[in-house]
Structure formats: structure tokens, C-alpha cells
Participant: 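Below are the C-alpha cells for one structure; questions will follow.
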Amino acid sequence: KEDGGKLSILFSESCEKAPVVVCSDADENRIEKQLGQTLYNLCLLADKQRAESELIQRQQKRRFEVDEWKRAVAETEQNEVESKSILACFLGKRSEALSYRAFATELETVIRSADGDDDRHLLCELKDWVEELADEEDPLVRSNCSSECRDIWTLAERIESNREKQLLLLDSQPSYSNEELGLDPAGKPHKSSSSYSPVFR
């Protein structure tokens, strides 16, 4: 009760916040007659808050969708960079493999002119080892290692998979206005503007 014996009812969102609805006795309008209208106004207020909360949730979901799309695009761009790096590495390995093969060919000449079976046997072993090494290094020879990108086939699969992802992302790009995302024209999140101050006396 207020001074003078008049009754007031205050409705707040929480104990710390100022009342959003005040219903007070008046000489010509007793509080009992105001309760129906007050309850109606509280329902309107609750409905408005629910609608605003749902809007904020939709905006957050849209922003998450946009962020996830951007993350996926950045991932495909990074995959493209890594594929170029792998190709550059392949060029070096291919050059190295060709050098090994050229050396193995030169060894054949040495083997033919070698004195004694022991020398020929040792040099044949060396030639076989160099040829195996060339096959291991050469990206134009299919690799048995499935965990790494070691040959042109796995690189081609990697590039094809990444291109398919890029096309899917282009077809599924989310398109929302700043308003639909809950952002101001500068692209920054709006500050909450839920300030209610109905007073009934």
C-alpha cells in the first residue's frame, strides 16, 4: 500500500529491474476494476517479448548459417592452396625421380663393362635400389599409401572433391539482408531495444 491507504501492484521482469507495469488505486478507478485490463496488457507484453525472443533466435540461426558457409568456403580455398603446394612438391619429386632413372641407366653401362661377377652383382643391386627409389619418389607412379597425397591420382581426386564442394557452396550460399541477420547497416549486431514502460493509474 502507498501512503493514504491506496493499493499499487507492480509487475517487473525481475527483482532488480524497474516495473514494466504499474497498477494503482485511484479515486475514480479502483484497482479491482483495472485487473482485467492489466492482465490483458501483461499478456500483450509477454507476447511481444516472446516474438522478440523468437526473432533474435532466428537472426542468430541465420548468422550461424552464414558463418558456417563462410568457414566452408575458406576451407575449400585453403584446400586449393594446399593442392598447389602438393603440385609444386610433385614437380620437385618428378625431377628427382628422373635423375634417379638417368643414374640407373648410366649404371647399366657400368655394369656391362664391370670386371668380375661380384662387381656386377653389387652394381645390379644398387641399380635395383635406385629404380625402387625413383618409383617411390615419382608422383607419376601410383602409390600404395592411401593416407597421404603421394601421386597424381590422389591429387586429382583431392582437386575434384574440392571443386565439387565449391560448386555446392556456390549453389547454397545463404542470402540475408542485414535486417534479417539482426545487424545494422554497418553489419554490426543491433543493441537490444526491449524497453517497456506501460503505467496504469
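This chain uses plain numbering: 1 for the first residue, then up along the sequence.
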Participant: Do C124 and I111 come close enough that some side-chain heavy atom pair is under 4.5 Å?
Facilitator: yes
Participant: Is a salt bridge present between E137 and R94, judged by a nitrogen-to-oxygen distance below 4.0 Å?
Facilitator: no
Participant: Considering only NZ, NE, NH1 and NH2 on the basic side and carboxylate oxygens on the acidic side, decide whether E108 and K127 come within less than 4.0 Å.
Facilitator: yes
Participant: How many angstroms lie between CG in D135 and CZ in R142, if you round to the nearest 0.5 Å?
Facilitator: 14.0 Å
Participant: Between R50 and D47, does at least one N-O distance fall below 4.0 Å, as a salt bridge requires?
Facilitator: yes
Participant: Has S161 got a side-chain atom pairing as donor or acceptor with E157's backbone, closer than 3.5 angstrom?
Facilitator: no
Participant: To the nearest 0.5 Å, what is the distance between CG (D67) and CD (Q60)?
Facilitator: 11.5 Å
Participant: Closest approach of D151 and S143, non-hydrogen atoms and distance?
Facilitator: OD2-N, 2.6 Å
Participant: Would R120 and D115 pass as an ion pair if we require N to O under 4.0 Å?
Facilitator: no
Participant: Out of curiosity, does W129 fall in the hydrophobic cluster containing L107 (side-chain heavy atoms, cut-off under 4.5 Å, transitive links)?
Facilitator: yes
Participant: A97 and A134: which non-hydrogen atoms are nearest, and at how many Å?
Facilitator: CB-O, 3.5 Å
Participant: Would you mind checking if E180 and R58 are paired as a salt bridge, meaning a charged N to carboxylate O distance below 4.0 Å?
Facilitator: no
Participant: Looking only at non-hydrogen atoms, find the nearest pair between E131 and A104 and report the distance.
Facilitator: CG-CB, 3.8 Å
Participant: Can you list the steps and then say if K93 with R150 is a side chain to side chain contact (heavy atoms under 4.5 Å, CB included)?
Facilitator: CA-CA 10 Å; K93 285 179 175 283; R150 301 269 310 258; 5.7 Å; no
Participant: Quick check: do Q166 and L170 have side-chain heavy atoms less than 4.5 Å from each other?
Facilitator: no
Participant: What do the steps show when you test E65 against Y176 for side chain to side chain donor-acceptor pair (under 3.5 Å), and what is the final call?
Facilitator: CA-CA 10 Å; E65 184 184 333; Y176 298 112; 3.1 Å; yes
Participant: Does a sphere of radius 6.0 Å around CH2 in W153 hold more than 12 heavy atoms from other residues, nucleotides or ligands, not counting ones at 6.0 Å or beyond?
Facilitator: yes
Participant: How far does CZ of F90 sit from CD of E96, to the nearest 0.5 angstrom?
Facilitator: 13.5 Å
Participant: On a heavy-atom basis, which atom in W69 and which in P174 lie closest, and how many Å separate them?
Facilitator: CG-CD, 3.4 Å
Participant: Taking 4.0 angstrom as the limit, do R71 and E68 come out as a salt bridge?
Facilitator: yes
Participant: Hey, what do you get for CD (Q59) to CG (N178), rounding to the nearest 0.5 Å?
Facilitator: 11.0 Å
Participant: Could you report the tightest heavy-atom contact between R158 and N79, atom names first, then the distance?
Facilitator: NH2-O, 3.9 Å
Participant: Rounded to the nearest 0.5 Å, what's the gap from CG on L133 to CG on D128? Could you check?
Facilitator: 12.5 Å
Participant: Show the nearest heavy-atom pair for residues N162 and T76, with the distance to one decimal.
Facilitator: ND2-O, 2.9 Å
Participant: Find the distance between OH (Y100) and CD (E132) and round it off to the nearest 0.5 Å.
Facilitator: 13.0 Å
Participant: Are the side chain of S99 and the backbone N or O of S95 linked by a donor-acceptor pair below 3.5 Å?
Facilitator: yes
Participant: What I'd like to find out is whether the side chain of K188 reaches to under 4.5 Å of the side chain of D184, using heavy atoms alone.
Facilitator: yes
